[in-house]
Amino acid sequence: MSTIHIHNSLSGKKEAFTPLKEGKVGMYVCGPTVYQDVHLGNCRTFTSFDVIYRYLMYQGFKVRYVRNITDAGHLVGDVDTGAEDKMTKAARLEMLEPMEIAQKYTLGFHKMMDVFNNLPPSIEPRATGHITEQIRMVKDILHNGYGYEVNGSVYFNTIKFAQDNDVYGKLSGKIIDDLLAESRDDLKNQDEKRHPSDFAIWIKAEPKHLQQWESPWGPGFPGWHLECSAMSTKYLGTEFDIHGGGNDLKFPHHENEIAQNCGACGQSPARYWMHANMLLLNGKKMSKSAGNSVMPEELFSGNNDFFSKAYSPMVIRFFMLQAHYKSTLDLSDDALLAAEKGYHRLMEAHQSLQGLSYSGQGNASKEDEEINTLLNQAFADMDDDFNTAKALSRLFTLVNKINSFKSGHISLDTITETTFNRLKKEFSDFIFNILGLLDETQGGGSGNGEVVNGLMDLVINIRQHARSSKDWTTSDQIRDKLNELSITIKDGSEGSTWKID
RNA sequence: GGUCGGUUGGCCGAGCGGUUAGGCAGAGGUCUGCAAAACCUCGUACAGCGGUUCAAAUCCGCUACCGACCUCCA
């Protein structure tokens, strides 16, 4: 097993990855708050971690991947402003029970994850299903002196926490002195909080509030951040390997999460923090609240103002994989057009490769060495902080080789049977198992595949006869008509192949 | 204002001290009945100005611009 290096947001450096327990990985990723449909930016983060999950498993790690569903407690504004939480607001607007809202958008989220071919996590805990654990954590925090109760709400005392240790602010790069010095003026406006940076861990519910639970401090609901602390602890322990999420969660969400975990059990939760960067649209962060977002369905249907045509889910996935997860990625029509072609080229090469059978004499040469090197490098790229962009560039160099084998430009004599089999297996593994792509390029809908293939074999056969007798009128007519049906015929030295565009 | 991060050829996007990233587009060629595909060759890019170094897109400093977070957001 090779050594994986991970960029740790906590240290700002790339570090060798050593799991707490050999061969096992505990990974927690912040999931969605299910109060609205997922937008494309959300999908990028989860796709990034899906590839990480897949790669760790491919390398033989036993991974417990926990990704939560937040269905309570996530406020729209600050507590003191009397803001309602997202679930309650959505419930009122749609005139549904909060749990109906949660159900609706959880199902939608799962469906979208499936469309993007993201594997489900090992455990997907919900905030509402872990109220007792969260109450317990609030008690622990109070017991340790890092919380205080005011009028039925409980706040986390960031100042005391920051004074007692040097943990707070480390992840997000906040300077504690600034925090402490922060605006004495602001303090005057605080009704309940002792300091602006303090945050609610338990929030008192008014009688009309739709989601509320009994607690030692009266009826209320848990604060945002708390569910992740409680659930990661429950399923992965007080200390685990990897914690991930979108870059925009670094502060305050993740910073506060660390504070809560430390405050409750004196242990910083994750050893490696990973942050996926934002998807950009028009050069700015995709954000629904800012009105700068595209919904996945709009992209798949082409029904939007940003793009010239519809793009399939796998084209989008491929597009995302062409950039490193830590970089921002700019979405544009030109970029997607390019990704679409690249994706097809990759898939067609894969089909060609699987269609080849070894007929060489097995003389290892420079060619043989190059192929092995490229495969090794692709894995090394993934080991180096999951660099899918770089790994893909190796695969495309292999696409060249594969096409050359197919057309006979390079003889299979130049590689050994072992290398040939390795290429066949690992090229496929990489595309499907590690990068999690699906081949959308072949066949029609499911179930029709055999019929379509059979028909196409027939058509191609008829055309081949026409070509043999130099009946160009017929052969060109077949090709043109198929073209109108968005089927492209490609004539090669060993017969013709077809694809649906 | 504070804290980070970025600025790479026509577009997207890797690289993070010395060796061709890659995809798309473009040019020329090979193959082919033609076309498409495929294959071969080619563009010689690193915001600007200084500095360190035998050597910088890569390190340091300054300037300009862009973005993220500091309010809810993956």
Side-chain angles (χ1 to χ4, degrees), chain A residues 9 12 14 29-33 35-36 38-49 74-78 81 83 85-86 89 169 172-175 178-179 182 196-197 224 244-253 255 275-280 283-290 293 318-319 322-324 326-346 348-349 352 377 381 387-397 399-404 406-410 467 470-472 475-476 479-480 483 488-493 496-497 499:
Chain A
S9 304
K14 215 181 271 180
V29 173
C30 287
T33 299
Y35 69 109
Q36 61 178 20
V38 281
H39 70 249
L40 207 61
N42 297 284
C43 297
R44 152 111 118 146
T45 296
F46 300 125
T47 301
S48 296
F49 285 102
H74 200 153
L75 296 181
V76 175
D78 202 11
T81 65
D85 80 79
K86 293 188 170 187
K89 188 178 179 188
S172 57
K174 299 279 168 219
I175 294 168
D178 292 354
L179 200 70
E182 196 174 293
S197 65
W224 184 46
N247 207 225
D248 51 357
L249 294 182
K250 227 187 237 179
F251 189 89
H253 186 59
E255 196 69 75
H275 289 95
N277 218 135
M278 301 293 101
L279 189 61
L280 268 39
K284 292 207 170 134
K285 176 184 169 180
M286 198 175 281
S287 155
K288 202 171 178 187
S289 58
S293 75
F318 175 85
F319 168 70
Q322 274 195 306
H324 186 78
K326 252 182 102 284
S327 303
T328 54
L329 175 60
D330 208 347
L331 198 62
S332 69
D333 203 42
D334 284 348
L336 286 182
L337 235 30
E340 185 172 53
K341 294 206 176 180
Y343 165 71
H344 284 148
R345 186 169 144 83
L346 186 66
E348 282 159 30
S352 300
Q377 283 174 327
D381 294 334
N387 197 330
T388 54
K390 216 169 165 189
L392 268 172
S393 79
R394 315 288 188 193
L395 295 187
F396 272 104
T397 308
V399 165
N400 263 164
K401 302 279 181 203
I402 290 164
N403 286 331
S404 294
K406 193 195 171 200
S407 66
H409 279 102
I410 304 177
R467 292 181 74 207
K470 297 191 191 271
D471 179 3
W472 309 127
S475 73
D476 287 354
R479 187 173 64 197
D480 295 344
N483 227 309
T488 306
I489 294 287
K490 291 188 280 187
D491 296 332
S493 55
S496 304
T497 55
K499 66 158 184 163

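We name chains A, B, ... by the order of the sequence lines, and we start the count at 1 in each one. Computation of the quantities below employed the complete heavy-atom set of this structure, encompassing side-chain atoms and omitting hydrogens, waters and symmetry-equivalent molecules.
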Under 3.5 Å, is there any donor-acceptor pair linking the side chain of A/Arg345 to the base of B/rC24? no
Could you list all N or O pairs between the protein and nucleotides 57-60 of chain B that sit under 3.5 Å apart?
none

Under the 3.5 Å rule, do the base of B/rG15 and the side chain of A/Asn387 count as making a donor-acceptor pair? no
So for A/Arg479 and B/rA36, does any side-chain atom that can act as donor or acceptor lie under 3.5 Å from a complementary atom in the base? no
Taking a pair to mean Watson-Crick or G-U wobble geometry with both distances below 3.5 Å, B/rC42 pairs with B/rG26
Side chain A/Asp334 and base B/rA25 donor-acceptor under 3.5 Å: no
Considering all heavy atoms, the nearest A/Ser9-A/His275 contact: OG-ND1, 2.8 Å
Heavy atoms only, 4.0 Å cut-off, all strands: where does A/Leu249 land among base, sugar-phosphate and nothing? sugar-phosphate
For B/rU71, give its Watson-Crick or G-U wobble partner with both distances under 3.5 Å, or none. none
Can you tell me whether the side chain of A/Ser287 and the base of B/rC73 have a donor-acceptor pair closer than 3.5 Å? yes
Spacing of NZ belonging to A/Lys285 relative to CG belonging to A/Asn277, to within rounding of 0.5 Å: 10.0 Å
For the side chain of A/Lys285, starting at C-beta, report the closest nucleotide among B/rC69, B/rC40, B/rA74. B/rC69
Taking a pair to mean Watson-Crick or G-U wobble geometry with both distances below 3.5 Å, B/rA56 pairs with none
